Amino acid sequence: QVQFVESGGGLAQPGGSLRLACAASGSISPFYPMAWYRQVWGKSREWVARFTSAGNTTDTDSLKGRFTISRDNAKNTIYLQMNSVKPEDTAVYYCNSLPALYDWGQGTQVTVSS
């Protein structure tokens, strides 16, 4: 059974940076690349950055390259580097495959405010 533990969230000022981590345990299918998602209270969860099936990375068009996903296979951990954060980036951040095949972790809260 796959489990995710997200960490690294907190309070950031607009224009600042944060680095989130997601430690995974269990066997993850190589056919469904990993992604970072976020959920704003009262809205649906959406992916924000992901690996492609070719092993590249991408984020959603609206982010315009501010977020970058990366991985450390030796640690079975994926990361989300968040740069130039904005108040609208405030959300709970999660990792999972895309599409999401596994149970969700507890997420990590990111708050962007001055």
Side-chain angles (χ1 to χ4, degrees):
Q1 185 172 354
V2 175
Q3 292 184 320
F4 302 116
V5 178
E6 296 92 350
S7 61
L11 177 64
Q13 292 193 340
S17 298
L18 279 173
R19 189 189 192 210
L20 309 183
C22 168
S25 61
S27 180
I28 297 176
S29 170
F31 298 105
Y32 296 95
M34 290 297 294
W36 278 96
Y37 298 75
R38 69 184 179 189
Q39 186 169 25
V40 177
W41 189 83
K43 294 188 177 182
S44 300
R45 197 170 292 166
E46 60 176 1
W47 73 269
V48 294
R50 65 181 177 91
F51 290 100
T52 68
S53 56
N56 300 317
T57 64
T58 187
D59 61 358
T60 58
D61 290 343
S62 63
L63 291 173
K64 298 182 180 178
R66 295 189 295 115
F67 292 5
T68 303
I69 188 172
S70 63
R71 60 167 28 120
D72 184 334
N73 289 331
K75 296 181 179 180
N76 219 24
T77 300
I78 67 169
Y79 301 95
L80 182 68
Q81 180 67 43
M82 306 170 62
N83 296 327
S84 303
V85 295
K86 303 176 180 180
E88 52 264 42
D89 294 325
T90 295
V92 181
Y93 286 74
Y94 305 85
C95 64
N96 209 315
S97 60
L98 183 67
L101 299 176
Y102 311 105
D103 291 340
W104 294 97
Q106 84 288 351
T108 186
Q109 174 71 49
V110 170
T111 302
V112 182
S113 174
S114 56

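Owing to the predicted nature of the structure, the values given are computational and were not obtained by experimental measurement.
Between Trp47 and Tyr37, the gap from one ring centroid to the other reaches at least 6.0 Å.
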Item to complete: Could you walk me through whether Met82 and Thr68 pass the side chain to side chain contact (heavy atoms under 4.5 Å, CB included) test, one step at a time?
Response: CA-CA 7 Å; Met82 306 170 62; Thr68 303; over 6 Å; no
Worksheet item: Passes side chain to side chain contact (heavy atoms under 4.5 Å, CB included), Trp36 versus Cys22? Steps please.
Response: CA-CA 9 Å; Trp36 278 96; Cys22 168; 3.6 Å; yes
Item to complete: Please lay out, stage by stage, how Tyr102 and Phe4 fare under the test side chain to side chain contact (heavy atoms under 4.5 Å, CB included).
Response: CA-CA 9 Å; Tyr102 311 105; Phe4 302 116; 3.8 Å; yes
Fill in: Stepwise side chain to side chain contact (heavy atoms under 4.5 Å, CB included) test for Gln1 and Asp103
CA-CA 9 Å; Gln1 185 172 354; Asp103 291 340; 3.4 Å; yes
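Side-chain contact between Pro14 and Pro87: present, with at least one pair of heavy atoms (C-beta onward) separated by less than 4.5 Å. Using a 4.5 Å cut-off on side-chain heavy atoms (C-beta onward), Trp104 and Arg45 make contact. In this structure, Ser25 and Gln3 have side chains that are in contact, with non-hydrogen atoms separated by less than 4.5 Å.
Between Arg38 atom CZ and Thr90 atom OG1 the span is 9.0 Å, to the nearest 0.5 Å. The CG atom of Leu20 sits 8.0 Å away from the CZ atom of Phe67 when rounded to the nearest 0.5 Å. Rounded to the nearest 0.5 angstrom, Arg71 CZ and Thr77 OG1 are separated by 11.0 Å. Atom CG of Leu18 and atom OH of Tyr93 lie 9.0 Å apart (nearest 0.5 Å). Arg66 contributes atom CZ, which lies 7.0 Å from atom OG of Ser84 (distance to the nearest 0.5 angstrom). The CD atom of Glu6 sits 11.0 Å away from atom CG of Leu80, with the distance rounded to the nearest 0.5 Å.
Taking each heavy atom of Val112 and Gln13 in turn, the nearest pair found is CG1-C, 4.0 Å. What you find for Tyr32 and Pro99 is that their closest heavy atoms are CD2-CD, 3.7 Å. In this structure, Leu98 and Ala35 approach most closely via the heavy-atom pair CB-CB, 4.0 Å.
Transitive grouping of hydrophobic side chains (ILVMFWY, heavy atoms separated by less than 4.5 Å) brings Met34 and Val2 into a common cluster. Hydrophobic clustering of Ile, Leu, Val, Met, Phe, Trp and Tyr side chains at less than 4.5 Å, counting indirect connections, keeps Tyr79 apart from Val85. Ile78 and Leu101 fall within the same hydrophobic cluster, defined by Ile, Leu, Val, Met, Phe, Trp and Tyr side-chain heavy atoms under 4.5 Å apart, directly or through other members.
For Gln81, the CD atom sits in a packed shell: over 12 heavy atoms of surrounding residues, nucleotides or ligands are nearer than 6.0 Å.
In this structure a side-chain-to-backbone donor-acceptor pair under 3.5 Å is present from Asn76 to Ala24.
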